[in-house]
Trainee: 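Below you'll find the structure I mean.
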Amino acid sequence: MASITGSSVSFKCAPLQSSFNSKNYALKSSVTFWRRTPVMPRGLSVSCAAKPEMVTKVSDIVKSQLALAEDAKVTGETKFSEIGADSLDTVEIVMKLEEEFGVTVEEENAQTITTIQEAADMIEALQQNK
């Protein structure tokens, strides 16, 4: 059995019964590993995802721009290319998002957007930096 709490990991072995010369021997052991200082991951970045409402708004705008059916399934993980958007469509989507949310998207940033979630994250970040 293993358990993890905070920055320690414990392993415990259940009793083991065996017979040797008609006697029972039980093994009970406990091993604990711990670290006094927390381990800081290297190269890990923390990203805050956009609120679900923002993802929904961006999804609706994308569906409108691409003339998709109202019931078309578009989620945060949906890639623009999966729903038929080419590079020109993506530029038009970004322009509509700028207009709708009152932000300006730098060209370098616009070229990196590939999913609905990335677009929503970018819009929220730009709104917070206003």
Trainee: Which atom pairs, donor and acceptor, lie under 3.5 Å between side-chain atoms of residues 78-94 and protein residues at least two apart or in another chain?
Mentor:
residue, atom, partner, partner atom, Å
T78, OG1, T75, N, 2.8
T78, OG1, T75, O, 3.2
T78, OG1, T75, OG1, 3.3
E82, OE1, K79, N, 3.3
D86, OD1, L88, N, 3.1
D86, OD1, D89, N, 2.8
D89, OD2, D86, N, 3.1
T90, OG1, D86, O, 3.0

Trainee: Given 3.5 Å as the limit, does a donor-acceptor pair link the side chain of D121 with the main chain of A50, or not?
Mentor: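 A pair under 3.5 Å: yes.
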
Trainee: How would you list, by chain and number, every residue that makes a salt bridge (charged side-chain N to carboxylate O under 4.0 Å, His left out) with K96, sequence neighbours excluded?
Mentor: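 Partners of K96 under the salt bridge (charged side-chain N to carboxylate O under 4.0 Å, His left out) test: E99.
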
Trainee: Sequence neighbours left out, what pairs pass salt bridge (Lys or Arg N to Asp or Glu O under 4.0 Å) with at least one residue falling in residues 54-73?
Mentor: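 Applying salt bridge (Lys or Arg N to Asp or Glu O under 4.0 Å) to every pair that reaches into residues 54-73, excluding sequence neighbours, yields nothing.
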
Trainee: Which residues satisfy the salt bridge (charged side-chain N to carboxylate O under 4.0 Å, His left out) test with E53, sequence neighbours excluded?
Mentor: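 Applying salt bridge (charged side-chain N to carboxylate O under 4.0 Å, His left out) to E53 gives none.
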
Trainee: Closest approach of V74 and S59, non-hydrogen atoms and distance?
Mentor: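 Reported closest heavy-atom pair: O-OG, 3.8 Å.
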
Trainee: For the pair Q117 and V55, evaluate side-chain contact (heavy atoms from CB on, under 4.5 Å) and give the outcome as yes or no after the intermediate values.
Mentor: CA-CA 6 Å; Q117 185 68 52; V55 175; 3.6 Å; yes

Trainee: Who are the side-chain hydrogen bond (donor to acceptor under 3.5 Å, both in side chains) partners of E107, not counting sequence neighbours?
Mentor: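 With neighbours one apart ignored, the set is Q111.
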
Trainee: Considering residues at least two apart in sequence or located in another chain, which fulfil the side-chain contact (heavy atoms from CB on, under 4.5 Å) criterion with E118?
Mentor: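 E118 satisfies side-chain contact (heavy atoms from CB on, under 4.5 Å) with I113, T114, T115 once adjacent residues are dropped.
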
Trainee: Can you name the residues that form a side-chain contact (heavy atoms from CB on, under 4.5 Å) with E108, not counting sequence neighbours?
Mentor: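 For E108 the side-chain contact (heavy atoms from CB on, under 4.5 Å) partners, ignoring immediate neighbours, are E106.
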
Trainee: Any side-chain heavy atom of E77 within less than 4.5 Å of one from I116?
Mentor: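 When only atoms from C-beta onward are counted, I116 and E77 do not touch, as no gap falls below 4.5 Å.
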
Trainee: Is there a side-chain contact between V105 and L97, using heavy atoms and a 4.5 Å cut-off?
Mentor: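 The answer is no; the side chains never approach within 4.5 Å.
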
Trainee: So does I61 get a backbone contact from the side chain of E100, meaning a donor-acceptor N/O pair under 3.5 Å?
Mentor: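 Checked: no pair found.
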
Trainee: Between T104 and L126, is there a side-chain heavy-atom distance shorter than 4.5 Å?
Mentor: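 No. Closest side-chain heavy atoms not under 4.5 Å.
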
Trainee: Are any non-hydrogen side-chain atoms of E124 and F101 less than 4.5 angstrom apart?
Mentor: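 No, every pair of side-chain atoms sits at 4.5 Å or beyond.
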
Trainee: Taking N129 for the side chain and A125 for the main chain, is one N or O donor matched with an acceptor at less than 3.5 Å?
Mentor: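 Side chain of N129 to backbone of A125: a pair is present.
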
